[in-house]
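Values below: every heavy atom of this structure, side chains too, minus hydrogens, waters and symmetry copies.
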Amino acid sequence: MKVSLITTVRNAGGRVEPFLRAISAQTRPPDEMIVVDGGSTDGTLETLRRAEAITLIEEPGANIARGRNVAVAASAHEVIAVSDADCEPEPEWLERLVATLEEGADVAMGFYRPIARRFWQQVLACVNLPDAERIDPARFMPSSRSVAFRRGALEAAGGYPEWLDIGEDMYVDHRWRELGLDLRFVPQAVVRWPMRANLSETWTQYLRYARGDAIAGMHADRHALRFAVYGGTLLAWSSRSRLPKAVTLVGATAYAAAPARRVLRRFEGSAERARALAVLPAVMAFLDVAKIAGYVAGLIAGRRRSAPGDTAATVGTR
């Protein structure tokens, strides 16, 4: 089973070289590697031009979905593996994904763990990255930073939606679930994913994710619940009654329980454990406000916007 590894990149900075080293260290190397650059101006292109054993396609202005479609169209093999050029796949990543496809799966869903060197990044990872053993494979939606699939699976989904600037992989995931394809979770197929370096970058990242959800009509129930919870909390704390306030405190404790358990486990033995627990609620609220703002922005931009003949309005939620 031959494999085409594809990735897209734009201004990856110093991250692209560790990515290329990680690919060269794979126990099962790809049979070809195709990189689509969307218009880098920071030296990324020069790094890629010097790299060996890759096919570089320059597509200035391409968004991620367009870049991936271009890469798939240029690929030669039946199996397509996808990661992001700022990630670092572990050595057995591709081997484990391909083995799952060889067993008959249509899609092999890999996992990801954080690259988190700073305290802020470590707390952020506790909020947004669950542990693999907590994943429900029947509901898991793989990111295209760690996935492999048969070419026919992507064709059945209609390719990556080029009208969607972000969230394109989640959109394809929904299509795969609707089509009833064989999606198998491979928790041992891990890529390392860098957490954003500061608040500004993190805010932009999650605002854009939520904006994409609104435009594509994805996860509407989850976002509606977030609006209801925060709206209800504001009403409760404007009340003179203690009961609504007590209810919101109980709810907030339950909401933070899973991230708090991750803090306790991942910061075990660290002097920063207590501080991480103390700032956790603020980090969670920060991300939620970014998602609320992004979803509103997406609704304004045109909720459930779709390309001609597309079925974005029928995409389910998880």
May I ask you to decide if the ring planes of F185 and F111 are parallel, tilted or perpendicular, using 30° and 60° as cut-offs? perpendicular
Using the test ring-ring contact (aromatic ring centres under 6.0 Å, His included), find all partners of Y160 that sit at least two apart in sequence or belong to another chain. none
Under a 4.0 Å N-O cut-off, is there an ion pair linking R96 with E90? no
Among the clusters formed by ILVMFWY side chains lying less than 4.5 Å apart, do I64 and V36 turn up in the same one? no
For E168 and L164, indicate whether the former's side chain and the latter's backbone hold a donor-acceptor pair under 3.5 Å. no
Between E32 and S75, is any pair of side-chain heavy atoms under 4.5 Å apart? yes
Can you sort out the partners of Y112 under ring-ring contact (aromatic ring centres under 6.0 Å, His included), two or more places apart, ordered by chain and number? none
Under 3.5 Å: donor-acceptor pair, side chain of S144, backbone of V82: no
Ignoring hydrogens and geometry, is there a side-chain-to-backbone donor-acceptor pair from Q121 to M195 under 3.5 Å? yes
Expected output: side-chain R273 to main-chain L264 donor-acceptor under 3.5 Å: yes
Donor-acceptor side-chain pairing of E92 and T27 below 3.5 angstrom: no
Check ion pair R266-D131 (N to O, under 4.0 angstrom): yes
Could R265 and E268 be called an ion pair, given the rule that one side-chain N must be under 4.0 Å from one carboxylate O? no
Taking the cut-offs as 6.0 angstrom to the six-membered ring centre and 45 degrees off its axis, would you call R226 and Y295 a cation-pi pair? no
Output yes when a side-chain donor or acceptor of N11 lies under 3.5 Å from a complementary backbone atom of D42, and no otherwise. yes
How are the rings of H219 and H223 set relative to one another: parallel (under 30°), tilted (30 to 60°) or perpendicular (over 60°)? tilted
So, R196 versus T204: side-chain donor-acceptor pair below 3.5 Å or not? no
Check whether R15 reaches the backbone of P194 with its side chain - one donor and one acceptor, N or O, closer than 3.5 Å. no
Is there a donor-acceptor pair under 3.5 Å between the side chain of W120 and the backbone N or O of L199? no
For L48, all residues meeting side-chain contact (heavy atoms from CB on, under 4.5 Å), sequence neighbours excluded: V9, V16, L20, V35, D37, T44, I54, L56
